Amino acid sequence: MTKAVDERQPTLLARAEKIAGEFDLSPDDVRSITRHFVRQMKDGLAHERVWQLPSYVRRVPTGKEKGKFLAVDLGGSNCRICLVDLHGDSTFTVSQSKDSVPPEVTVNPSYRPLFDFVAHRIADFLKGNENPQCVQGLKDAEQHQTYNLGFTFSFTCEQTSLAGGRLIHWDKGWDIPDAVGRDPCRMLQEAIDHLGLPVIVSVLANDSVGTLLTRSYTSGPTASTLAAVILGTGTNAAYIERLSNVRRLGAEPISDQIMIINTEWGCFDDKMDVLPRTPFDDELDEASTDPGSQMLEKRVSGLYLGELLRLTILHLMQTNALAITCNPTSRIFERHSIDSSFLSELAKAGSDRAQTTIQLIKATLSAEGVTETDARGIQLLASAIARRAARLAGASLAAIIIQSGRLKMSTKGTEHTYTTDDDEQRPQLTSRSSMRSIHRFIHDATLLWRRLLRLVGMGSLIGKPPIPPLSETKSSVVFQEDIIDIGADGSLIEFYPMFEVEMRRAMRDVPEIGPTGDQRIRIGMAKDGSGVGAALIAQAASEMQGAIAI
Ligand code: BGC
């Protein structure tokens, strides 16, 4: 290390710490964000807004659904064509093809190239070019002659029914102006018809809604799944709301019915009343395809976290605090060229594997002269950006849980919970308090008895408790019926170490949730749930036929 570099290093850490501090979100910040989001959710349920969008899905799967369905999952980066076989026992198999969507069709004056691309992928899939197994699957399903297709479209869409809707705006950097205001199902159908394929686009679903349905299907009827969160290229969540609260639809206040709501939480607080803001957030937003829009998403999702890190590193380089030098073709000089996986890798390397971190930085940024202090500084920035994202996601999930009313359905007092009746497949109000009280009484008495035996030195007589709790944490017992189940999908929650831990810390900062509420929340992966979810909606639509609209 040269002397000049050496002298810069303490300053670098102080500067990196200062910038990292700008990304801090205090417990008070979390609380006011959650409160504001609950208000926004209520407002979106009552008035037509671009968030809290009704999905028209009015029941959740029980795990018993059966059949083969074709689905297209068009996300921010990939297009997947899937043949989903629902086995009727909470399991499924999927045969699929997956292609990256060419960038030139995602930013284009016309919608046709994008939908032609998707239609061609469907044609390839049907021909079985990609996967001979699919052909067999489709032959089995051929009694219908035409295939009903469920379309998962991961962009902000106002649905007008299960079968269609209107694109409100593009997100995740896509920009195809003449698609805005049109029905994605129709645009896809047009391209499919052009190729003469025997396919009818029969349902439209957001990926968050699809993920919620998949989680419910795989968890079975007793899991009481409440919501699903997507924390990948984009971010969003869907949850189960009482239909009587969805006043924007002018629905009759029928208390025992539900509707899944696509929150589109990525655009919560676009007015920036409570969201945190650093100069790097502003720079990112100004250079985006949709300034002033998706402000939460721009602080939380994978598409933006790498870019935020790039901007902070570049700032430290330009102000001469970082000692590294980068090749002119380095990604550090190119917008959106740093993937959020870089943040995950930096976190995995930790602070005690300096050489691994240095190598990672050199390889990712085509950089030279990376010192241990540089590596530490970059790690500090990356973890601050990711921690803020996780805490914001936690604050948002807390808002959903509060709005859903599930926390009030606790083991104390007389309470009711929404469950799905298998036969009717409609939610019913079910009182469970007395069963729970008996269960808890026996369990507590057993614990007391075991403690007494230990005290009098007869611990060897201790057997297993007669009623084992289904889920147990360090300090208390959580009964199955109290669990608030959340499905999750996306690279951030799957691969970023501590993402869920930080989300939970933030949720505990919200008094309505606190440590007790946190213990009731179970977050489980519903990987690639969006395609399967579209198949589940197609299955429901085929059963409900005309009875699906309000
Ligand atoms: C879109 C949502 C989508 C989310 C996750 C966001 O950009 O607005 O509709 O669910 O990304 O894919």
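Note that the structure is predicted; figures quoted are calculated from it, not measured. Counting starts at 1 for both ligands and their atoms, following the listed order. These numbers come from the heavy atoms of this one structure, side chains and all, not from hydrogens, waters or symmetry mates.
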- Message: Using the ring-ring contact (aromatic ring centres under 6.0 Å, His included) criterion, which residues pair with F499? Sequence neighbours excluded.
- Response: none
- Message: Checking the N or O distance criterion of under 3.5 Å, is ligand 1 in contact with N206?
- Response: yes
- Message: For the 3.5 Å polar cut-off, considering only N or O atoms, please tell me whether N262 and ligand 1 meet it.
- Response: no
- L167 side chain near T156 side chain, heavy-atom distance below 4.5 Å: no
Go through ligand 1 atom by atom and flag the ones less than 4.0 Å from a non-hydrogen atom of [X].
X	value
F155	9 (O)
T156	8 (O), 9 (O)
D171	1 (C), 7 (O), 8 (O)
D207	3 (C), 5 (C), 10 (O), 12 (O)
N236	2 (C), 3 (C), 4 (C), 9 (O), 10 (O)
I230	5 (C)

- Task: Please work out which of E264, K298, H169 has its closest non-hydrogen atom nearest to atom 2 (C) of ligand 1.
- Result: E264
- Query: Which is it for T235 and ligand 1 at heavy atoms under 4.0 Å: side chain, backbone, both or neither?
  - Reply: backbone
- Message: Please list the nearest protein heavy atom to atom 6 (C) of ligand 1 with its residue and the distance rounded to 0.1 Å.
- Response: E297 OE2, 3.0 Å
- Message: To check your reading of the model: name the closest protein heavy atom to atom 11 (O) of ligand 1, its residue, and the distance in Å.
- Response: K172 NZ, 2.9 Å
- Item | Heavy-atom neighbours of R186 CZ exceed 12 at 6.0 Å | no
- Message: Tell me every residue that passes side-chain hydrogen bond (donor to acceptor under 3.5 Å, both in side chains) with T235, counting only those two or more places apart in sequence or in another chain.
- Response: W265
- Query: Can you find a side-chain donor-acceptor pair between Q189 and D193 that sits under 3.5 Å?
  - Reply: yes
- Message: Between D207 and N236, is there a side-chain donor-acceptor contact under 3.5 Å, judged purely by atom types and distance?
- Response: no
- Positive for salt bridge (Lys or Arg N to Asp or Glu O under 4.0 Å) with K298, one of D290, D171, D282: D290
- Message: Tell me whether the rings of Y217 and F92 are parallel (<30°), tilted (30 to 60°) or perpendicular (>60°).
- Response: tilted
